[in-house]
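Take a look at the structure set out below.
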Amino acid sequence: METPLDLVMDRLRCPVCTETLTRTERTVRCAAGHAFDIARQGYLTLLGGARPAVAGDTADMVAARTAFLTAGHYEPVARALAEAVRDVPAADDADHPLVLDLAGGTGYYLATVLDALPRALGVDVEISPYASRRAARAHPRLAAVRADVWQPLPLAAGSSAAVLSVFGPRNPAEIARVLAPGGRLVVVAPAQDHLAEIIGPLGMLTVAPDKEARLARQLADFTTTAERAVRYRATLTHADVVHEALMGPSAHHLDRDELLAAVAALPEPLAVTVSVTVSVHRA
């Protein structure tokens with residue numbers, strides 16, 4: 001029986017020498033002899049030896065993210081992503097377009113996109129092994145690859161019809177390399193009023209005032225073809241608020257006991273603003 005990794009193996013490349021890869025049981029190797037193991041949970045680690053730029057999300061952060069996203073609070077964001085890539089073409093003569101999600105976490109957003117694109121395949125590139133474990137089970141056409149998005153991506157040049165970047169880091173040169181001609185980059189970035197009702201009271205990290213300008217500089221070699229604001233109110237329980245606070249980078253700075261006390265002082269349920277920009281770019 002073919003696994004999601006088998007479906008995308010021809011698009012993957014050795015992170016050491018960039019040669020093509022083949023699979024034998026639980027090992028993937030290239031002609032030069034570089035070998036990489038498939039974890040029993042189903043994800044493939046393709047790290048080229050360089051120390052990862054970041055450690056990745058912890059098991060607790062991944063559990064919080066899973067609980068929050070499963071509750072559906074960001075479903076409109078996921079639907080907007082699917083709409084942005086609804087007509088992506090396949091790369092070259094490939095039968096199935098490939099959608100690549102950078103720092104894709106548990107695969108939540110990519111799974112929604114793949115549901116809307118019945119012929120597409122997906123690769124979730126994520127450095128956290130805890131997130132990769134969940135991504136490997138997220139969708140029957142989603143392959144979970146543990147790799148560092150700040151390093152050269154272990155994918156063939158021109159292999160991806162679309163690249164997703166949702167609240168995550170971007171490597172513009174590598175994105176341009178793996179995008180097929182006519183392919184698109186879709187970025188989801190928080191607006192200034194995103195989660196405004198809880199960021200202050202809980203001491204969470206704020207959106208940098210120059211975030212939009214920094215994104216424009218980072219993607220200076222891309223052409224923006226579409227931009228859409230997604231803004232709505234989500235009704236959260238106290239448990240939802242805790243999960244939101246602990247699923248992202250704020251988790252590294254918050255004391256759990258202080259967080260729980262601050263959340264207890266908030267109304268329940270609480271209406272919170274979800275405000276993001278979904279932008280489409282071409283290399």
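Keep in mind that the numbers below use all heavy atoms, side chains included, and drop hydrogens, waters and symmetry copies. Predicted model, so just to flag it, every value in this text is computed and none were measured.
Inter-residue side-chain proximity for Val77 and Tyr108 is flagged as unmet; no heavy-atom pair is nearer than 4.5 Å. Side-chain contact between Lys211 and Pro190 is present, with heavy atoms from C-beta onward closer than 4.5 Å. Val272 is not listed as a side-chain neighbour of Asp240, based on a closest heavy-atom distance of 4.5 Å or more. Within the 4.5 Å cutoff, the side chain of Phe167 has heavy atoms near those of the Val276 side chain. Within the 4.5 Å cutoff, no side-chain heavy atoms of Arg228 are placed close to those of Thr277. Between Phe36 and Cys14 there is a side-chain heavy-atom pair separated by less than 4.5 Å.
Residue Ala156 comes nearest to Ser159 through the heavy atom pair O-OG, 2.7 Å, listed as atom of the first residue, atom of the second, then distance. The two residues Ala162 and Val88 come nearest to each other via the heavy atoms CB-CG1, 3.9 Å. For the pair Gly107 and Leu142, the tightest heavy-atom approach, listed with the atom from each and the gap, is O-CD1, 3.9 Å. When all heavy atoms of Leu47 and Asp148 are compared, the closest pair comes out as CD2-N, 3.8 Å. Of all heavy-atom pairs between Thr235 and Pro269, the closest is CG2-CB, 3.5 Å. Residues Ala138 and Ala111 share a closest heavy-atom pair of O-CB, 3.8 Å.
Judged by distance alone, with hydrogens and angles left aside, the side-chain atoms of Asp37 form no donor-acceptor pair with the main-chain N or O of Ala39 at under 3.5 Å. Under the 3.5 Å distance criterion, the side-chain polar atoms of Arg134 are left unmatched by any main-chain donor or acceptor of Tyr130. Here the side chain of Arg13 pairs no donor or acceptor atom with the backbone of Thr20 at under 3.5 angstrom. The main-chain N or O of Met61 is found under 3.5 Å from a side-chain atom of Thr58 such that the two form a donor-acceptor pair. Checked by atom type and distance alone, the side chain of Glu75 never pairs as donor or acceptor with a backbone atom of Leu69 at under 3.5 Å. Formation of a donor-acceptor pair under 3.5 Å by the Ser128 side chain with backbone atoms of Asp57 is found in this model. The main-chain N or O of Ser279 is never found under 3.5 Å from a side-chain atom of Glu227 such that the two would form a donor-acceptor pair. Put simply, the side chain of His238 gets close to the backbone of Leu266: a donor and an acceptor are under 3.5 Å apart. Without hydrogens or angle criteria, His96 side chain to Leu121 main chain gives no donor-acceptor distance under 3.5 Å. Looking only at distances, a side-chain donor or acceptor of Asn171 sits under 3.5 Å from a matching main-chain atom of Val149.
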Using the rule given for side chain to side chain contact (heavy atoms under 4.5 Å, CB included), can you reason through Leu219 versus Leu185, listing the C-alpha separation, both sets of side-chain angles and the distance that settles it, and then say yes or no?
CA-CA 10 Å; Leu219 300 180; Leu185 164 66; 3.9 Å; yes
Side chain to side chain contact (heavy atoms under 4.5 Å, CB included) evaluation trace for Glu244 with Val241:
CA-CA 5 Å; Glu244 170 63 70; Val241 174; 5.6 Å; no
Audit row: Leu246, Asp60, side chain to side chain contact (heavy atoms under 4.5 Å, CB included) steps and yes/no
CA-CA 8 Å; Leu246 294 180; Asp60 287 343; over 6 Å; no
Output, in order, the C-alpha distance, side-chain angles, deciding distance and verdict of side chain to side chain contact (heavy atoms under 4.5 Å, CB included) for Val274 and Val230.
CA-CA 8 Å; Val274 177; Val230 178; 5.9 Å; no
From CA spacing to verdict: side-chain hydrogen bond (donor to acceptor under 3.5 Å, both in side chains), Thr112, Asp115:
CA-CA 5 Å; Thr112 301; Asp115 279 341; 5.6 Å; no
Is there a salt bridge (Lys or Arg N to Asp or Glu O under 4.0 Å) between Glu83 and Arg79? Walk through the geometry before answering.
CA-CA 6 Å; Glu83 177 69 16; Arg79 291 200 304 267; over 6 Å; no
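Inspection of the Ser165 and Arg170 side chains reveals an N or O donor paired with an N or O acceptor under 3.5 Å.
Applying the salt bridge (Lys or Arg N to Asp or Glu O under 4.0 Å) test to Arg141 and every residue at least two apart in sequence or in another chain returns nothing. Qualifying salt bridge (Lys or Arg N to Asp or Glu O under 4.0 Å) partners for Glu268, counting only residues two or more places apart in sequence or in other chains: none.
Note that the OG1 atom of Thr3 and the CE atom of Met9 stand 6.5 Å from one another [nearest 0.5 Å]. A distance of 13.0 Å separates OG1 of Thr18 from CG of Leu12, quoted to the nearest 0.5 Å. Note that CZ of Arg177 and CG of Leu155 are 7.5 Å apart. Values are rounded to the nearest 0.5 Å. Residue Gln151 holds its CD atom at 9.5 Å from CD of Glu174, rounded to the nearest 0.5 Å. Atoms OG1 and CG, from Thr22 and Asp10 in turn, are 12.0 Å apart once rounded to the nearest 0.5 Å. In this structure, CG in Leu44 is found 10.5 Å from CZ in Arg26, a value given to the nearest 0.5 Å.
Taking the six-membered ring wherever Trp is involved, the centroid distance between the rings of Tyr74 and Phe68 falls below 6.0 Å.
Counting non-hydrogen atoms of neighbouring residues, nucleotides and ligands closer than 6.0 angstrom, the CZ atom of Phe222 exceeds 12 such neighbours. Counting heavy-atom neighbours within 6.0 Å of Asp221 CG, excluding the residue itself, gives a total of 12 or less.
Judged as a salt bridge (Lys or Arg N to Asp or Glu O under 4.0 Å), the pairs with a partner in residues 180-197 (not counting sequence neighbours) are, in order, Asp87-Arg184, Asp193-Arg231, Glu197-Arg233.
The residue from Val178, Val8, Leu5 that alone fulfils the side chain to side chain contact (heavy atoms under 4.5 Å, CB included) condition with Val123 is Val8.
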